[in-house]
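To start, the structure under review is shown below, and the notes come after it.
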Amino acid sequence: MTARQKFSFVVVGGGIAGVTCVEQLSSQVPSADVALITAGQHVKTVTNYKQVSKTLEEFNVEEQASSVLEKKYPNLTIVHSAVQSLHTQSHTVETVDGRIFHYEKLCICSGARPKLLTVNNAYVLGIRDTDSAQEFQKRLSEARRIVVVGNGGIALELVFEVEGCEVIWAVKDKAIGNTFFDAGAAQFLIPSLDASKPQTVIPCKRPRYTTEEASVGASHTFTADRNLRGRGTGPTESGSALGPDWHEGITLKGAQEVSRRVSVEYECEVEKIISTDEALNCSPQTETSGSWPVSVQLTNGKTFGCDFVVSATGVIPNTDPFLHGNNFLLAADGGLRVDDHMMTSEPDVFAAGDVCTACWEHSPLWQQMRLWTQARQMGWYAARCMVAQVQSEPIELDFCFELFAHITKFFNYKVVLLGKFNGQGLGSDYELLVRCTKGQEYVKVILHRGRMVGAVLIGETDLEETFENLILNQMDLTPYGEDLLNPDVDIEDYFD
């Protein structure tokens, strides 16, 4: 393919942010020449999009051949190559195969890369893109035990889905899912790791509870017999990050035909990853049964042998190496600083998705979390900002940045997060209302000076739209007291 050398708009990155951006650019300005530069042959596209409420949205992520995009948008050119360098003064992007592309406006959507425990270790695997997920599937099929390190979304999904393999889950916090939940929600979800236990439905009408926290160095073990049918996988290419429910298309089954076994090690991190020979000289607490190619020494004094280690400890904005030599301002987390028009510190260069950090004055009810929903929203809004600048038209910050809103699924439960769902930035100046029905639902509301500022909804609660309205309207809820979560009261009749 011979690409044209000059484009009105160039977007770097074939993930959700980049693809959403080029789709919006191509459709909004059909007369403009648009280029998408991506290393892979496939791109991530949003399908089955549904606007659930004012700020909540649901969609699937599918990997498609990039030719599908080109057929859909005649003004779009796909460049299959990695970027080698960017020269903002000359408005040019150079790819590793030596081609140079001029742009009028550029949007960087290069995503993020896994924050690995250690690099160049054959026994440490990070799961980020399609290739690494397939490598994980292949290695898991021969594994008896793995150690999973991390407490975010990938780790939560992985430990629940893996079958036929013992899982040692090391988390640095006092509870699982600390990125998304408090200890109460974690306690609600934990029984799901033991699917063989009957889940008795016990309504908890009074929205107060106490949770017994695990002591430092404590561990919990859960076992279950499950028999899942595997799903086949088709040919895929490496590229951008995995989508929601990334595990749905692959079989996550180990070498054992026995029950699932997940052991959670709380409040610990990896101190050392050691070879088999080194493991023989470890402390008496070392788990020595069996023969393992690698061992993981944790800060709680325990050492576990395993077949390999999964590093699920977060991501780093992917600003290296092609951005070097320019004058980009970076945020403390390493992301490209962008203003409320998604512009970086370099002229005519925008950024969207995981690679950037939102550095405008945020709404009191919004925070950036580098999630799929935000990647789509940022890519869409960045395109609108780029077009507005070209056409010299004013544009206001999109409403999606008014309230943090995210829908996902963990442990087979629907999960809705709204606003300051964990009291982010409020210190101790807030109160909680909680309703829990074991095995069915968990509802938590954050109140600040009588007004709802956040909520966590686990299960089919049907409360998301009502709570979204209450958070956005900032209505004084003091008169309602605990009736706000009384299961015998139809709260929707109060406010809808």
Side-chain angles (χ1 to χ4, degrees), residues 48-60 153 156-157 160 177 180-182 184-192 199-209 244-245 365-366 369 371-373 376-377 399-400 402-423 431-448 450-496:
N48 302 321
Y49 178 85
K50 179 185 177 183
Q51 190 75 40
V52 178
S53 62
K54 292 186 184 74
T55 58
L56 281 166
E57 55 187 39
E58 285 184 301
F59 57 85
N60 297 331
L156 281 166
E157 293 172 329
F160 184 73
F180 302 99
F181 311 122
D182 62 3
Q187 287 293 97
F188 172 82
L189 289 171
I190 275 289
S192 297
Q199 297 296 307
T200 305
V201 177
I202 306 173
C204 302
K205 292 190 177 182
R206 292 191 61 81
R208 290 198 175 108
Y209 71 101
D245 298 324
L365 301 171
W366 185 86
M369 286 192 67
L371 301 167
W372 284 95
T373 47
R376 193 209 68 80
Q377 291 165 348
F399 188 75
C400 69
E402 185 65 27
L403 172 67
F404 175 85
H406 185 59
I407 298 179
T408 186
K409 186 172 74 172
F410 290 125
F411 293 13
N412 277 340
Y413 286 101
K414 175 182 176 181
V415 176
V416 178
L417 307 174
L418 293 170
K420 301 296 184 180
F421 59 90
N422 264 344
E431 54 184 311
L432 297 181
L433 293 180
V434 176
R435 184 175 86 202
C436 176
T437 304
K438 187 177 180 182
Q440 183 175 336
E441 68 170 16
Y442 176 89
V443 179
K444 181 184 78 171
V445 166
I446 306 286
L447 296 175
H448 177 60
R451 288 164 171 78
M452 191 182 299
V453 295
V456 175
L457 309 175
I458 304 178
E460 298 296 333
T461 66
D462 294 325
L463 292 171
E464 49 264 37
E465 193 165 1
T466 300
F467 281 8
E468 177 194 59
N469 289 332
L470 289 175
I471 295 173
L472 289 170
N473 295 340
Q474 287 295 282
M475 176 182 178
D476 186 0
L477 301 172
T478 305
Y480 302 96
E482 293 183 359
D483 276 345
L484 195 63
L485 293 188
N486 188 335
D488 295 328
V489 176
D490 190 348
I491 189 174
E492 294 181 355
D493 289 343
Y494 266 126
F495 306 109
D496 290 353

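When a residue number appears, it is its place in the shown sequence, counting from 1. Below, all heavy atoms of this structure are taken into account, side chains as well, without hydrogens, waters or symmetry copies.
Two residues are said to be in side-chain contact when any heavy atoms from C-beta on lie closer than 4.5 Å; Leu432 and Lys444 meet this criterion. The closest side-chain heavy-atom distance from Phe421 to Val416 is not below 4.5 Å. Taking the side chain as every heavy atom from C-beta outward, Leu472 and Phe399 approach each other to under 4.5 Å. Residues Phe410 and Phe181 are in side-chain contact: their nearest non-hydrogen atoms beyond the backbone lie under 4.5 Å apart. Side-chain contact check for Thr55 versus Glu402: every heavy-atom pair is 4.5 Å or farther apart. Side-chain contact check for Phe467 versus Leu457: some heavy-atom pair is nearer than 4.5 Å. Val443 is not listed as a side-chain neighbour of Val456, based on a closest heavy-atom distance of 4.5 Å or more.
Aromatic ring pairs are classed by plane angle as parallel below 30°, tilted from 30° to 60° and perpendicular above 60°; the pair Tyr413 and Phe188 is tilted.
Screening Leu418, Thr373, Leu417 against Phe404 for a side chain to side chain contact (heavy atoms under 4.5 Å, CB included) leaves a single residue, Leu417.
Distance CG/Leu447 to CD1/Ile471: 9.5 Å, rounded to 0.5 Å. One finds the CZ atom of Arg451 at 9.5 Å from the CE atom of Met475 (value rounded to the nearest 0.5 Å). Atom CE of Met452 and atom CG of Leu365 lie 11.5 Å apart (nearest 0.5 Å). The CD atom of Glu464 sits 6.5 Å away from atom CG of Leu56, with the distance rounded to the nearest 0.5 Å. Once rounded to the nearest 0.5 Å, the distance linking CD of Glu58 with CD1 of Ile407 reads 4.0 Å. In this structure, CZ on Arg376 lies 4.0 Å from OH on Tyr49, to the nearest 0.5 angstrom.
Annotation: side chain to side chain contact (heavy atoms under 4.5 Å, CB included) contacts of Glu460 (sequence neighbours excluded): Lys414. Residues passing the salt bridge (Lys or Arg N to Asp or Glu O under 4.0 Å) test with Lys54: none are found, sequence neighbours excluded. Looking at residues two or more places apart in sequence or on another chain, you find a ring pair (Phe, Tyr, Trp, His ring centres under 6.0 Å) between Phe411 and Phe160.
Remark: the backbone N or O of Ala185 is paired with a side-chain donor or acceptor of Asp182 at under 3.5 angstrom. Under the 3.5 Å distance criterion, the side-chain polar atoms of Asn469 are matched with a main-chain donor or acceptor of Glu465.
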Please determine whether side-chain contact (heavy atoms from CB on, under 4.5 Å) holds for the pair Leu156 and Phe180, giving the CA-CA distance in whole Å, both sets of side-chain angles, and the decisive distance to 0.1 Å. CA-CA 10 Å; Leu156 281 166; Phe180 302 99; 4.0 Å; yes
Does the pair Arg435 and Leu463 meet the rule for a side-chain contact (heavy atoms from CB on, under 4.5 Å), with working shown? CA-CA 12 Å; Arg435 184 175 86 202; Leu463 292 171; 3.9 Å; yes
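Nearest heavy-atom pair, Val445 versus Leu485, reported as atom, atom and distance to 0.1 Å: CG2-CD2, 4.0 Å.
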